[in-house]
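Here is how names work: the chains are called A, B, and so on, in the same order as the sequence lines, proteins then strands, and each is numbered from 1. These figures come from a predicted structure and were not determined experimentally.
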2 protein chains.
Amino acid sequence: MTLPLPPLPAVRAFEAAARHGSFTKAAEELGMTQAAVSYQIKVLEERVGAPLFLRKPRQVTLTEVGQRLAPAFTEAFSLIGEAYAQARSGAEGVLCVSTILTFASSWLARNLGAFQVQHPSLAVRVDTSSRLIDFAREDVDVAIRSGSGDWPGLAKHFLFKAEFSPMLSSKLAASIGGVKAPADLLRLPILDPGDPWWREWFTAAGVPTDALAARPRSSMGAQAYEANAAMAGHGVAILTGALFPSELADGRLIQPFDLVANDGNSYWLVYPEARRNVPKIRAFRDWLLAAFAASLGPQGA
Amino acid sequence: MTLPLPPLPAVRAFEAAARHGSFTKAAEELGMTQAAVSYQIKVLEERVGAPLFLRKPRQVTLTEVGQRLAPAFTEAFSLIGEAYAQARSGAEGVLCVSTILTFASSWLARNLGAFQVQHPSLAVRVDTSSRLIDFAREDVDVAIRSGSGDWPGLAKHFLFKAEFSPMLSSKLAASIGGVKAPADLLRLPILDPGDPWWREWFTAAGVPTDALAARPRSSMGAQAYEANAAMAGHGVAILTGALFPSELADGRLIQPFDLVANDGNSYWLVYPEARRNVPKIRAFRDWLLAAFAASLGPQGA
DNA sequence: CATGATGGATTAATAGGCCTTATGCATGCC
DNA sequence: GGCATGCATAAGGCCTATTAATCCATCATG
């Protein structure tokens with residue numbers, strides 16, 4: 001059968017001692033006492049069945065067996081050490097962000113460039129998925145998700161509230177002579193009328209929602225799609241304004257009413273609590289929060 | 001400074017788990033419980049700062065970081081394992097025998113061939129030195145030495161007694177009309193007259209030793225040299241017959257008197273007690289004792 | 001749809017190995 | 001001769017790795 005490995009602490013002590021030609025020096029390097037090194041080497045010698053060092057008066061010398069063993073061990077540890085070091089900072093080489101499609105295609109797509117410039121050594125992989133992410137099951141570093149913010153074990157940073165309001169193209173609005181009152185919207189096609197947000201908003205606006213139920217369902221499942229449809233003039237979408245600042249700014253989308261509804265959820269940056277100090281995560285967090293303050297803050301104020 | 005190595009038990013557990021794609025299997029291989037593997041991997045993940053496995057429903061998968069680490073670790077352990085295995089049997093590859101010159105050049109030189117044939121995979125290195133050997137300080141497996149047999153920590157096997165008797169060439173003996181009585185020897189050159197063996201032997205033979213003291217000292221320090229000198233007819237040497245069986249058999253040396261003296265010492269095969277079961281040592285010991293019984297036994301009887 | 005089997009996480013408690021302290025021994029140096 | 005250096009050894013303590021026990025989720029099954 002395969003020979004079991006020798007006790008690794010013994011191998012470690014021997015390797016250091018071989019490199020230094022001294023038990024005392026090896027002990028220093030390993031942060032232990034000379035006695036411990038002596039003990040471990042004796043253990044290894046017993047396992048090997050041959051002496052590894054010749055004990056000369058004031059120095060130790062490798063035996064032939066020791067001379068053959070030492071380079072292999074040194075090589076092995078250097079392999080481990082390098083791989084480990086690379087993994088620690090190599091873990092910083094790629095930052096994997098999981099986010100909902102809409103955020104990826106809007107805010108993130110426009111702003112990520114700035115992050116890349118600040119952190120040229122960090123590659124960013126963006127994974128878009130609408131699933132609730134489980135950090136234990138997916139190879140993801142940070143995620144941007146909406147929710148109540150109640151996720152045990154996860155660190156979270158508030159980004160913006162999941163507020164929503166109807167939006168449409170100016171052309172579509174003009175087609176019915178402008179949208180003056182909330183009820184006017186019902187004269188237009190409603191994109192994804194089954195979305196509970198519609199019911200909430202209309203209720204907040206004081207408009208009965210009975211009419212909505214009759215509408216054909218046409219859920220596209222992602223705000224980004226609906227926003228595109230709305231910009232193309234296909235109907236009215238109910239969207240989170242914070243996700244479409246530039247579209248709103250240049251008029252591709254208009255939000256006819258100041259009234260925004262809110263289902264209590266918000267968007268958060270989340271990641272495993274335990275990894276809050278991992279450099280690449282810290283870097284992304286700091287940048288994202290600052291960038292948000294800059295891009296949304298002035299506009300939101 | 002150089003990054004300290006990750007905890008090796010954790011690396012070990014991780015490597016096995018990565019190879020098996022299963023904590024449970026890894027635990028089996030390592031002879032521990034699944035809980036221990038789980039714990040160790042968690043330790044390593046904390047050190048690395050990134051998850052190494054994705055915990056899927058009924059299996060675990062390596063993350064990207066884990067995928068980069070695993071091959072390096074496997075390689076490293078295989079390096080250690082191979083070197084270790086080679087050292088254990090590679091320790092058997094070379095047998096180092098330390099012996100006095102005379103034994104090396106006589107008995108051993110003639111008989112070692114038989115051992116090589118029996119153990120073709122074993123290389124034998126013969127070191128000749130007259131020093132008392134310290135196994136802790138010299139890279140030697142077994143030694144052949146004379147002495148009282150009182151060496152703590154060493155295993156010893158009796159070879160033959162350090163008996164001695166005068167020897168010379170037949171030609172030299174004829175030059176004085178043959179050696180009839182011990183005192184006749186004093187009419188010939190005595191090789192190394194200061195050797196205490198002469199005094200002992202003459203005393204045993206009933207010959208006064210006063211004459212010896214006056215002789216010029218000319219110690220050559222090794223029986224092999226003196227034997228050569230004796231065979232060349234330069235004088236009478238006092239030698240251990242057991243070391244020169246063939247020379248005595250074919251008449252190159254003659255031992256004129258049956259009287260042999262004995263200083264109480266003997267020749268022994270010795271090696272560290274703790275290594276008595278090392279295969280190559282066991283092989284050499286078994287062969288040497290058997291060969292001795294065969295080569296000296298019949299003759300000595 | 002309940003049930004059992006599989007595989008991993010978690011917790012607390014344990015045992016044993018590893019390390020330290022203290023000391024001894026041999027050597028080389030001043 | 002006395003001191004410094006370097007390794008070996010013995011005894012004892014601590015920490016770490018491990019175990020046992022339990023929980024949880026998933027998947028297969030009847």
Worksheet item: With a 4.0 Å cut-off on heavy atoms, is Q40(B) in touch with a base, just the backbone sugar-phosphate, or nothing at all?
Response: sugar-phosphate
Worksheet item: Between R58(A) and dA26(C), is there a side-chain N or O to OP1/OP2 distance below 4.0 Å?
Response: no
Fill in: Any donor-acceptor N/O pair under 3.5 Å between dA8(D) base and Q34(A) side chain
yes
Discussion item. Using whole Å, what does the distance between atom P of nucleotide dG7(C) and atom NZ of K42(B) come to?
Written reply: 21 Å
Worksheet, complete the sentence: By nearest-nucleotide position on DNA chain D, the 5'-leaning member of Y39(B) and K25(A) is K25(A)
Discussion item. I need the single residue from T240(A), T128(A), V126(A), L108(A) that forms a side chain to side chain contact (heavy atoms under 4.5 Å, CB included) with F103(A). Which is it?
Written reply: L108(A)
Practice prompt. Could you check how far CZ of F23(B) sits from P of dC24(D), rounded to whole Å?
Written response: 20 Å
Worksheet entry | Expected output: side-chain R275(A) to main-chain G49(B) donor-acceptor under 3.5 Å | yes
Worksheet item: Less than 6.0 Å separating the ring centroids of F14(A) and F53(A)?
Response: yes
Worksheet item: What's the CG-P distance between L30(B) and dT19(D), to the nearest Å?
Response: 10 Å
Item to complete: Select base, sugar-phosphate, or nothing to describe what R12(A) touches, counting heavy atoms under 4.0 Å on all strands.
Response: nothing
Discussion item. Restricting to salt bridge (Lys or Arg N to Asp or Glu O under 4.0 Å), what partner residues turn up for D134(B), sequence neighbours left out?
Written reply: R137(B)
Worksheet item: Between atom NZ in K56(A) and atom P in dC25(C), what is the gap in whole Å?
Response: 24 Å
